[in-house]
Amino acid sequence: MAVRNLIFYPSQILRDVSSPVTSFNGKIRMLLDDMTDTMYHERGIGLAAPQVGISTRAIVIDLGPSEKPVADEPAGLIKLLNPEIISSEGRITSEEGCLSIPDIRENVTRNEFIEVSSLSEKGEPLRFQASGLLAICIQHEIDHLNGILFIDHLSKVKKSLLKKQLKQLSK
Ligand code: CO
């Protein structure tokens, strides 16, 4: 297991659409382990493979011990391959940040309840519901797999106010 280097905005890698995982072998498990190490090292609650430079549909999430698990929802360390949102409901607004866009935090509105279909690290099908912070985090990470960043959800006015800060990150 190893901590990998993070990819930062405005790298093109963060804008690429990731490819589905098709073989469930030691290589994908090592990627997930390294992503987990990297997430914990950077004190994040979620990480997508493009953030370590790999355009593969893999995400890891751990909301941490302070977040009380909701009954029937996955808790602790969650590793998902080829995750998809199959239904969604409700709206929730919360402040988000991203390890790939340091020092910027903004309110983003997303679905409050989602149903997720995914594969485990062994390639077994998973299906579960998620709400609140877990739902927000899964949507944020799946966005990464589609080349979308949380700042893309901001209004034009909000984004123009961030222009200076974003430009600073481009240096
Ligand atoms: Co992010």
Side-chain angles (χ1 to χ4, degrees), residues 1-9 11-89 92 94 96-102 108 110-150 152:
M1 306 220 329
V3 172
R4 298 202 189 185
N5 288 329
L6 276 183
I7 301 292
F8 293 101
Y9 176 91
S11 168
Q12 176 57 38
I13 296 170
L14 296 174
R15 292 307 191 177
D16 292 340
V17 175
S18 294
S19 307
V21 178
T22 51
S23 29
F24 302 87
N25 49 25
K27 199 176 162 197
I28 193 72
R29 281 196 291 277
M30 189 193 281
L31 172 64
L32 288 166
D33 283 347
D34 287 357
M35 285 169 60
T36 303
D37 282 352
T38 308
M39 172 177 69
Y40 289 147
H41 178 79
E42 304 288 346
R43 298 177 191 281
I45 58 170
L47 194 76
Q51 295 182 275
V52 292
I54 311 286
S55 294
T56 290
R57 303 189 81 82
I59 66 175
V60 295
I61 289 173
D62 190 339
L63 302 182
S66 60
E67 195 64 22
K68 264 204 190 132
V70 178
D72 298 332
E73 293 187 7
L77 176 60
I78 302 164
K79 300 172 180 176
L80 301 176
L81 300 176
N82 304 345
E84 270 180 68
I85 294 164
I86 50 178
S87 69
S88 53
E89 232 183 275
I92 185 170
S94 70
E96 293 187 26
C98 180
L99 292 177
S100 294
I101 313 174
V108 176
R110 298 189 184 270
N111 289 116
E112 187 173 7
F113 305 97
I114 57 173
E115 193 173 354
V116 180
S117 162
S118 178
L119 295 173
S120 73
E121 60 184 323
K122 291 175 188 155
E124 300 155 336
L126 301 172
R127 204 170 164 139
F128 61 89
Q129 294 186 337
S131 63
L133 183 60
L134 181 59
I136 291 164
C137 199
I138 290 171
Q139 290 169 85
H140 177 119
E141 302 312 332
I142 290 179
D143 269 358
H144 274 300
L145 305 181
N146 295 320
I148 298 166
L149 301 171
F150 83 95
D152 300 339

Min side-chain heavy-atom separation Leu77-Tyr40 under 4.5 Å: yes

Leu119 side chain reached by Arg57 side chain, heavy atoms, under 4.5 Å: no

Distance-minimising heavy-atom pair for Leu14 and Tyr9: CD1-N, 3.4 Å

Member of Asp37, Thr38, Asp33, Leu31 meeting the side chain to side chain contact (heavy atoms under 4.5 Å, CB included) criterion with Met35: Leu31

Minimum heavy-atom distance Ser18-Pro50, with the two atoms named: OG-CG, 3.3 Å

OG on Ser131 to CG on Asn111, rounded to 0.5 Å: 12.5 Å

4.5 Å side-chain heavy-atom contact, Gln51 and Met39: no

Spacing of CG belonging to Leu81 relative to CZ belonging to Arg29, to within rounding of 0.5 Å: 10.0 Å

Within-4.5 Å side-chain heavy-atom neighbours: Val52 and Asp34: no

For Asp16 against Ser55, the heavy-atom pair lying closest together: CB-OG, 4.1 Å

Side chain Asn25, main chain Lys27, donor-acceptor under 3.5 Å: yes

Within 6.0 angstrom of Asp72 CG, more than 12 heavy atoms from elsewhere: no

His144 side, atom NE2; Ile13 side, atom CD1 - distance, nearest 0.5 Å: 13.0 Å

From His41 atom NE2 to Leu99 atom CG, the distance as rounded to the nearest 0.5 Å: 10.5 Å

Flag side-chain contact, heavy atom, 4.5 Å: Asp143 against Asp152: no

From CZ (Phe113) to OG (Ser87), nearest 0.5 Å: 11.5 Å

Check: Ser100 and Leu149 side chains under 4.5 Å, non-hydrogen atoms: no

4.5 Å side-chain heavy-atom contact, Leu134 and Ile78: yes

Flag if over 12 foreign heavy atoms under 6.0 Å of CD, Glu89: no

Exercise: identify the closest heavy-atom pair between Arg4 and Met30: NH2-O, 4.2 Å

Short side-chain to backbone donor-acceptor contact, Thr56 and Ala58, under 3.5 Å: no

Side chain Asn82, main chain Val21, donor-acceptor under 3.5 Å: yes

Gly147 backbone acceptor or donor facing Arg15 side chain under 3.5 Å: yes

Straight-line distance of Leu47 CG to Glu42 CD, nearest 0.5 Å: 8.5 Å

Close side-chain approach of Gln139 to Ser88, heavy-atom, < 4.5 Å: no

